[in-house]
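Given the structure is predicted, the values throughout are model-derived calculations rather than measurements. Residue numbers begin at 1 in each chain, while the letters A, B, ... track the order of the sequences.
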Amino acid sequence: MKYEPKNIEKKWQQYWEEKGINKNYSREKKFYALDMFPYPSGVGLHVGHPKGYIATDVVSRFKMLNGFSVLHPMGWDAFGLPAENYAIKNKSNPNVFTAKSIATYKKQLEMFGFTYDWDREINTTDPEYYKWTQWIFLKLFEKGLAYESNAPINWCPSCKTGLSNEDLENGKCERCGSDVEQKPMRQWVLKMTEYADRLLYDLDSQDLDWEDMIVQQQKNWIGRSEGVQFEIKIKDSEEKIEVYTTRIDTVFGITYAVVAPEHEIIEKIKEKISNYSEVEKYIEDANKKTNLERTELQKEKTGVKLEGVKVVNPFTKEVIPLFVADYVLGGYGTGAVMAVPAHDERDFEFAFKQGLDVIEVVLGGIISEKAFTEDGILINSDKYDGLTSEQAREKMADWLEKEGIGKRKVNYKMRDWVYSRQRYWGEPIPIIHCEKCGAVGVPEEQLPVTLPDVENYEPTGTGESPLANIHEWVNTTCPKCGGSAKRETNTMPQWGGSSWYYLRYIDPKNDKELVSKELEKEWMPVDLYVGGAEHATRHLLYARFWHKFLYDIGVVSTTEPFKKLVHVGLIMAEDGRKMSKRWNNVVNPDDVIAEFGADSMRLYEMFMGPFSQSVAWSTAGVKGVRKFLDKVWKLQGRIMNHESGIKNKKIDSLVHKTIKKVGEDIENFRFNTAISAMMILVNAMEKESQLSVTSYELLITILSPFAPHIAEEIWQEKLGNKQSIFLASWPQFDADLARDEEMEIVVQVNGKVRERLMVAADVTEDEIKETALESEKVKVFTEGKEIKKVIFVPGKLLNIVI
RNA sequence: GCCCAGGUGGUGGAAUUGGUAUACACGCCAGUCUUAGGAACUGGUAGAGCAAUCUGUGGAGGUUCGAGUCCUCUCCUGGGCACCA
């Protein structure tokens, strides 16, 4: 009989489901394998999506064979813009679109034979789920970690709508091409910076097994810096500005100061500014630019001097000019900087444009050419002359603190998390605004605050969420005083539901609490988390932040959610570009599975190359692994069923070497070499006319995590086992059997290979040396030369140095 | 500009601690079988050379008995962050 994937794959998928192979939770040892759950888009999966899921499935099945209970769930991160845009266009509820997309995804995923426990399927848009997303928000609000603030959004004045960064094209509205403005909106913000230190330090924790690459990216994103904040007085005024710097040692080199266009001081001292109209114009223009524009372009630095205003350097008492310039950002630090052109590149460039003084205060560079930004020895700095930068920073910070005009301060690049969206398709924020009581949390027992049906999903035109137009929903009573009040109409960002979903899988039906304490202890932390590197900073930081908060309020027992994190490399299209409808280069997994079978698909994606590296898809490549499975299938014909023990030392040795290698490779995510090792074994087995049942059974077992359907078919139907192969055990590696009787020793002369010798495994160094020197091929090079040295590497080589 | 990965046959890639460069697979070439082949099987396949041999892991140096692997410089590609004070 021929190997026909079509005939066996469905059958075993149903069998596993019926026998509960994917929900065998009663074992002592636990393993929690998690995939980053997908956003179900309308177009369905392409072959790139399942790569990570296949890997977690291989590991899950491998862990089952090693006696673990494995939790391997799947769900849907289903709030988000595409569904909302579809709803606007078709005037239909995004629910409908979402449900349809989920059905498509699920059907596609089911073809792969994953061990998902679908009883635990979750959906972030399900009120029973987002009830708890809202609950977490309430807790954050109660603890003072959620606050209201004005934060700018990208605003298209012609569409009268807020835009996501994705909707922008070179700073213009993607739809109508108008210039996008920054419009301040009332927003909910989460005080993530309060957790900055813990988020940073726990990255180095012993029980975190993350790739360096991702750890590094998070560290840079958090961006901790130690410096000082001090005040600079405005001359002839009570007003002052606060500046922050990590290079207080360069303070004697200040030749001017700069404030961001949005800095409040400008408004306060406007009657002092003699060129105010010019300044006002500059600010207006700056506000039109998006943050991206202001920060991204390698553009010329612009700015306007505030005429009539001077500030005072507290160290030198020198009087210097003040500028407004958009290279200083309002949202970072204090929104004002002391400018030291000699020792800061941006200040240098700005000073050059404006013709400002450059004073060298740290030795080491040629400041007539460019800024010297490294540490050095101080000059032109009065009593601090001769100190190193490091010493000066200490002394100067001491002085500022003593004088009471500054203090040491730790700063973070990371900002608080703007947590509201003016959209329909998101979790309603469970807050009620009362004129008397202010913002009041919706009482817990009234959760979830469900999304009401609306007729129109279009934006309101004021920038508010479409929910603002549903008066019967908005108007309510204050839970505190009973007076009339209004509901919050902002909704949560997509990141909300995905920041805690791994906890819900553990206890998906619990309507009393987010997760039961016992189950949480049983499964957390997640042992293995696999997903794309694009989530290295945002999703993974948000989830860690919420997890730490949940730890603080006693909901979870671990400080970190994900023990091991591995990132999956992209699958590019055959033309080397990203797979996209736009390039018409998308490969659909349904077609691949129909032609080659799910096992070939799984095997191929694991064989393509190193797991975390991006690789181009090749349909021709799938044929290769299919051929391999065909060979495995055909080996059945060589099994001696009632054998009186076929002993084949060579095959037995290779089998055991392969067992070891495949096991180690799975643990280390080196699936490609695991598969090539199995190919080598199968090629060797093909050369034998007879094979023992044992060796074949071992091959099938180690293959089963990768190609579960064909393995189960052979295991039960051909080898006559009565139970699933996934209730069997991973084979024991036998070092005695694996040992070779003979080995090849390479003989080199001056590092060049001249001869290869087959010798017995127990031969001594002297014996090898003797044989080598007698070899004709070696003699050609050694004849008449003096042998200076002979280097011997046991089991590998002999190098004769002449 | 900064940070992180990478650069190995025609292609994807392998090489665990510095020890046989190119495993495994694709593709290609030749052959066997076949009415036929986009099937199966066998053999070949880094380059040059009849050969012995020589040259080869982006480039240039270096350390070493020995370097894809370590060091210095340099070029290129991909990804991330970006006027972060």
Side-chain angles (χ1 to χ4, degrees), chain A residues 211-217 219-221 223 225 227 229 243-248 250 258 260 291-292 294-299 301 325-329 331-340 343-347 349-350 373 411-415 533-534 536-537 569-570 572 574 576 604 607-610 612-625 627-628 630-631 634 661 664-665 668 670 672-680 682-683 686 744-756 777 780 788-802:
Chain A
E211 289 166 289
D212 287 347
M213 198 184 122
I214 291 180
V215 169
Q216 207 49 51
Q217 278 185 54
K219 283 184 177 176
N220 292 344
W221 186 276
S225 67
Q229 187 169 321
V243 297
Y244 174 81
T245 181
T246 53
R247 293 298 307 274
I248 190 68
T250 64
V258 190
N291 253 355
L292 279 175
R294 264 174 69 173
T295 58
E296 201 175 69
L297 302 173
Q298 284 289 91
K299 61 157 173 57
K301 289 178 179 39
D326 66 5
Y327 79 91
V328 172
L329 299 177
Y332 181 77
T334 60
V337 298
M338 61 174 216
V340 185
H343 304 288
D344 181 282
E345 279 164 35
R346 292 153 300 167
D347 296 344
E349 203 183 317
F350 187 75
T373 58
N411 224 9
Y412 297 95
K413 229 153 86 170
M414 186 175 80
R415 323 234 177 110
E534 69 272 21
T537 45
L570 278 180
M572 312 298 275
E574 228 147 334
Y604 175 63
F607 183 62
M608 291 175 85
S612 294
Q613 203 171 292
S614 72
V615 229
W617 176 265
S618 153
T619 300
V622 189
K623 247 179 13 194
V625 292
K627 237 155 79 178
F628 164 70
D630 280 329
K631 287 184 194 172
K634 280 189 217 155
K661 172 142 184 73
E664 287 171 357
D665 280 355
N668 293 305
R670 291 194 302 247
N672 54 334
T673 51
I675 292 166
S676 90
M678 290 189 282
M679 286 172 166
I680 292 170
V682 167
N683 288 346
E686 261 198 323
E744 191 186 61
I745 296 286
V746 166
V747 182
Q748 298 180 330
V749 178
N750 280 357
K752 291 209 160 129
V753 181
R754 299 301 178 187
E755 173 70 301
R756 291 153 203 273
K777 286 185 188 163
V780 174
K788 286 188 191 149
K789 209 194 292 186
V790 176
I791 287 145
F792 179 65
V793 182
K796 293 240 160 93
L797 62 77
L798 187 80
N799 189 12
I800 301 161
V801 186
I802 53 170

Practice task
Enter syn or anti for the glycosidic conformation of G9(B), syn applying to angles within 90° of 0.
Solution key: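 For G9(B), whose glycosidic angle is within 90° of 0, the conformation is syn.
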Could you check whether [X] gets within reach of a base, just the sugar-phosphate, or nothing at all, counting any heavy atom under 4.0 Å?
{"X": "N683(A)", "answer": "sugar-phosphate"}
{"X": "V801(A)", "answer": "sugar-phosphate"}
{"X": "E345(A)", "answer": "nothing"}

Just the rounded figure in Å: distance from [atom2] of [N] to [atom1] of [X].
{"X": "K219(A)", "N": "G80(B)", "atom1": "NZ", "atom2": "C1'", "value": "17 Å"}
{"X": "M572(A)", "N": "U77(B)", "atom1": "CE", "atom2": "P", "value": "16 Å"}
{"X": "K631(A)", "N": "C24(B)", "atom1": "NZ", "atom2": "C1'", "value": "10 Å"}
{"X": "N750(A)", "N": "C54(B)", "atom1": "CG", "atom2": "P", "value": "12 Å"}
{"X": "Y412(A)", "N": "A85(B)", "atom1": "OH", "atom2": "P", "value": "14 Å"}
{"X": "R247(A)", "N": "A85(B)", "atom1": "CZ", "atom2": "P", "value": "11 Å"}
{"X": "D344(A)", "N": "G1(B)", "atom1": "CG", "atom2": "C1'", "value": "13 Å"}
{"X": "F628(A)", "N": "A40(B)", "atom1": "CZ", "atom2": "P", "value": "16 Å"}

Counting distance only, does the side-chain N/O of [X] pair as donor-acceptor with the main-chain N or O of [Y] below 3.5 Å?
{"X": "N668(A)", "Y": "E664(A)", "value": "yes"}
{"X": "N411(A)", "Y": "S225(A)", "value": "no"}
{"X": "Y604(A)", "Y": "G624(A)", "value": "no"}

Exercise for the section: Could you please name the option among A25(B), A85(B), G27(B) that lies closest to any side-chain atom of T245(A)? Expected result: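 So the side chain of T245(A) is nearest to A85(B).
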Practice task
Give the nucleotide from the list A85(B), A25(B), U55(B) with an atom nearest to the side chain of M679(A).
Solution key: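 So the nucleotide nearest the side chain must be A25(B).
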Problem - Considering all heavy atoms, the nearest I791(A)-V801(A) contact - result: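 Scanning both residues, the minimum pair turns out to be CD1-CG2, 4.3 Å.
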Handout entry: For D347(A) against M338(A), the heavy-atom pair lying closest together
Key =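 It is OD2-O, 3.8 Å.
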Under 4.0 Å between a side-chain N/O of [X] and OP1 or OP2 of [N], yes or no?
{"X": "K627(A)", "N": "A40(B)", "value": "no"}
{"X": "R346(A)", "N": "G1(B)", "value": "no"}
{"X": "N220(A)", "N": "C84(B)", "value": "no"}
{"X": "K413(A)", "N": "C81(B)", "value": "no"}

Exercise for the section: Would you check if there is a donor-acceptor pair between the side chains of K413(A) and N220(A) at a distance under 3.5 Å? Expected result: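 N220(A) vs K413(A): no donor-acceptor pair found between side chains.
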Practice task
Let me know, please, whether S618(A) or M414(A) comes out on the 5' side of the other along RNA chain B by nearest nucleotide.
Solution key: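 Nearer the 5' end of the strand: S618(A).
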Problem - First encountered from the 5' end of RNA chain B, between A620(A) and R754(A) - result: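 The answer here is A620(A).
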Problem - From H343(A) atom NE2 to T250(A) atom OG1, the distance as rounded to the nearest 0.5 Å - result: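 Here the interatomic distance stands at 6.5 Å.
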Exercise for the section: Mind checking the CH2-CZ spacing from W221(A) to R415(A)? Nearest 0.5 Å is all I need. Expected result: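 Those atoms lie 9.0 Å apart.
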Practice task
Check the angle between the aromatic planes of F350(A) and Y327(A) and answer parallel, tilted or perpendicular using the 30° and 60° thresholds.
Solution key: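 Answer is tilted, since the angle falls between 30° and 60°.
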Pairwise [atom1] distance, [M] and [N] [rounded to whole Å]:
{"N": "G13(B)", "M": "A25(B)", "atom1": "C1'", "value": "8 Å"}
{"N": "C28(B)", "M": "G37(B)", "atom1": "P", "value": "15 Å"}
{"N": "U69(B)", "M": "A15(B)", "atom1": "P", "value": "15 Å"}
{"N": "G66(B)", "M": "G56(B)", "atom1": "P", "value": "15 Å"}
{"N": "G68(B)", "M": "U45(B)", "atom1": "C1'", "value": "22 Å"}
{"N": "U57(B)", "M": "G6(B)", "atom1": "C1'", "value": "13 Å"}
{"N": "A60(B)", "M": "A51(B)", "atom1": "C1'", "value": "34 Å"}
{"N": "A21(B)", "M": "A46(B)", "atom1": "C1'", "value": "10 Å"}

Practice task
Toss me the dot-bracket line for RNA chain B: Watson-Crick and G-U wobble, both under 3.5 Å, 5' to 3', using | for pairs to another strand and [ ] for crossers.
Solution key: (((((((..(((......[....)))((((((.......))))))(((....)))..(((((..]....))))))))))))....
Exercise for the section: Check each of Q217(A), K219(A), E211(A) against V215(A) using the side-chain contact (heavy atoms from CB on, under 4.5 Å) test, and report the only one that passes. Expected result: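 It is K219(A); the other options fail the test.
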Handout entry: Where protein sits on nucleotides 4-19 of chain B, one letter per nucleotide: B base, S sugar-phosphate only, - none, heavy atoms under 4.0 Å
Key = S-------BSS----B
Exercise for the section: Return yes when atom CD of E744(A) has more than 12 non-hydrogen atoms of other residues, nucleotides or ligands closer than 6.0 Å, and no otherwise. Expected result: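 More than 12 within 6.0 Å, yes.
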Exercise for the section: Determine, step by step, whether Q229(A) and T334(A) satisfy the side-chain contact (heavy atoms from CB on, under 4.5 Å) criterion, reporting the C-alpha distance in whole Å, the side-chain angles of both residues, the deciding distance to 0.1 Å, and the verdict. Expected result: CA-CA 9 Å; Q229(A) 187 169 321; T334(A) 60; 3.5 Å; yes
